[in-house]
Amino acid sequence: MASSSQHPRTQRGDDGELSGSIDALLHRDALHEILLRVPAKALYRFRTVCQSWRSLLSAPSFVAAHAARHGDDQPLLAVCGWVPGTGRRAAEFKLLDTLSGHVVKRFDVGPPSLLRRVWSSSHLDLVLIVRRVDHHHRTMRDDRRPLSVLDPATGDVTVLPGGCYDDTRTSFVFGRVAAASSSSTGEGDGEYKFCKILTVGGGGGSRGAWRDAPAPPVHIKTFHRGEAVVAGGVVYHLVDCSGGWTIAAFDLGAEQWLPDLLHGPAEPPAPPANSNSREGRSLAEVNGRLAAVYSTTSAMEMWQLMGSGKKAQWCKRCRVLMSFMDTECRYWLTPDPVPLWVMDDGRVAFWLRGLSQSGTLWIYDPMTETCTRLANCLRMGASGYTGSLLRQ
Amino acid sequence: MEVDKGKGEAEETRKVAEADRDTVTLKSSDGKLFEVSKEAAARLSTVLAGMIAGGSIDDNGTDLKQIGSEALENVVDYCNKHANSIPSAALISSSISFNTAPFKEPEEWERKFVDRLSHDALFDLVEAANFLGMERLLDVTCHKISEMMKGKSPDQIREVFNIKNDYTKEELEEIRQELAWAFYDD
């Protein structure tokens, strides 16, 4: 009989390397198998366990294997763009796979000329579509009403009560109340001296009518993207961005403005590559959290607000090098990247607002320091989408 | 498990056993012998399947020098329990796509099987499963350990895995700052 111990020995690649220290309990390949099954965020923490764990956990081969195994945990990217081949006369809402860029699901959302905004955000399984009021058909047809909600799981579109308001002086935010399973739409009107709130149920229908909310503590111009974002059931509004971030916050669940203004990260951002370079500060919702964004034509830096209440703290999350996009950025008046999601493997999805209606969706890979263009999109929409498409 | 059989039947079994036994005998590093169903061993372990197909099975006990008797007993126990639970049609069809399919939650009996093990026994079983190419057992044991790791601080992890912190204070502080975001729960 052939020697039976030969076969298994060759399976191991007998390097005898131990994990961590000479006393560690596991061989490296067994440890590798275990760590592959641990959620990505904990693994970032475990890089501080010891040097050999750090080198294992940050090795590109491990990162790739982990990403492949946990691919289903990643969000989809939601973009609103023109339907190709229609001469920009029709718009569509698409959900893209973050790894391949393939379209997982798509919906028609009507003529782009009527779209003002498509609001989808992560941790929100509904998409708010805001249309221009068509004055010729103002009260005649449901599909000309300004507000509707799309459920990407079912494709159902529900029209929300719009009320009578001045189209040009009203803007909307859409976010999920942290504790309850409902979503709220906030409406600012006139000079934004007052807000109204509408609760939207899980299926997309409205619950009750628009109700008044307290007036903001400071003058607020608009709720446009980059100035207002919703994260964790709170609407954050960038009041002032000269030299820093000053932020007013409205709690959707309590329907109250927070008494104090918040301030952005104190850490000084890296200065622009050259003194002529423009800089910009904005807010974004990244991985479901509030993010402060500082961008120049050469790089974008992003901090996330971690923790909650008094313990909340800004943590540096990523730096995206944009210099490679010189040709792209030359046509941009100001650098205006909007980060959407930092993947478990460190890649960053962001979109660039262009002039007019144009925009592009990009993925940045920190390992190679390069960006890949994933899709073209309309100005009004791109975000992470974590809702389940399997919901019936 | 001895079962009374008629004389003719016993004779028949012995003949079959001589020509083609339906169990294999495995020998742990400390020389203990364990018998396991050949069918289950071949189905659950790519290494044992290769040895059975390649004829490198020793009737007097196939040496597994890397596996201690406690771990081998657990391996054999797992194989037998798995063999008993297999009639479920769902399991049979799912086992076909084991390698490509995403991790399937442990069955109730698998959960109980790993829950009763000590840390050391669990770690030994991971090593054994990895060594024997037992994909499902590796999944179940690693899943258990990864559950244990959830929510643990690096200090607690060092304790569980018996790892010495080889960072200097300064190095640790630098990495902690860089990864500060990861120390907050979602």
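Just so you know, these numbers use all the heavy atoms, side chains as well, and skip hydrogens, waters and symmetry mates. Lettering of chains follows the sequences in order, A, B, ..., and the numbering in each one begins at 1.
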Exercise. With respect to chain A, which residue among Ile157(B), Val126(B), Ile145(B) yields the maximal number of heavy-atom pairs within a distance under 4.5 Å?
Worked result: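 Most heavy-atom pairs within the cutoff with chain A belong to Ile157(B).
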Seminar exercise, completed: Rounded to the nearest 0.5 Å, the CG atom of Asp124(B) sits from the OG atom of Ser118(B) at a distance of 8.0 Å
Exercise. How many angstroms lie between OG in Ser29(B) and CD in Gln66(B), if you round to the nearest 0.5 Å?
Worked result: 8.5 Å
For this session: Go through the atoms of Leu35(A) and report whether side chain, backbone, both or neither lie under 4.5 Å from a heavy atom of chain B.
Result: side chain
Exercise. Ring centres of Trp341(A) and Phe350(A) under 6.0 Å apart?
Worked result: no
Problem set entry | Ring centers of Phe183(B), Tyr44(A) separated by less than 6.0 Å |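 Ring centroids of Phe183(B) and Tyr44(A) are no less than 6.0 Å from each other.
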Please identify, among [options], the residue contributing the most non-hydrogen atom pairs under 4.5 Å to chain B.
options                                : value
Gly307(A), Pro39(A), Ala42(A)          : Gly307(A)
Arg45(A), Arg47(A), His70(A), Glu33(A) : Arg45(A)
Arg54(A), Gln313(A), Lys311(A)         : Arg54(A)

Problem set entry | Donor-acceptor contact below 3.5 Å, side chain His143(B) vs main chain Arg111(B) |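 Between the backbone of Arg111(B) and the side chain of His143(B) there is no qualifying donor-acceptor contact (under 3.5 Å).
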Problem set entry | Matching residue for Glu110(B) among Arg136(B), Arg116(B), Lys81(B), Lys144(B) - test: salt bridge (charged side-chain N to carboxylate O under 4.0 Å, His left out) |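 Checked Arg136(B), Arg116(B), Lys81(B), Lys144(B) against Glu110(B); only one passes salt bridge (charged side-chain N to carboxylate O under 4.0 Å, His left out): Arg136(B).
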Under 4.5 Å from any heavy atom of chain A - which part of [X]:
X         : result
Lys150(B) : side chain
Glu178(B) : both
Leu179(B) : side chain

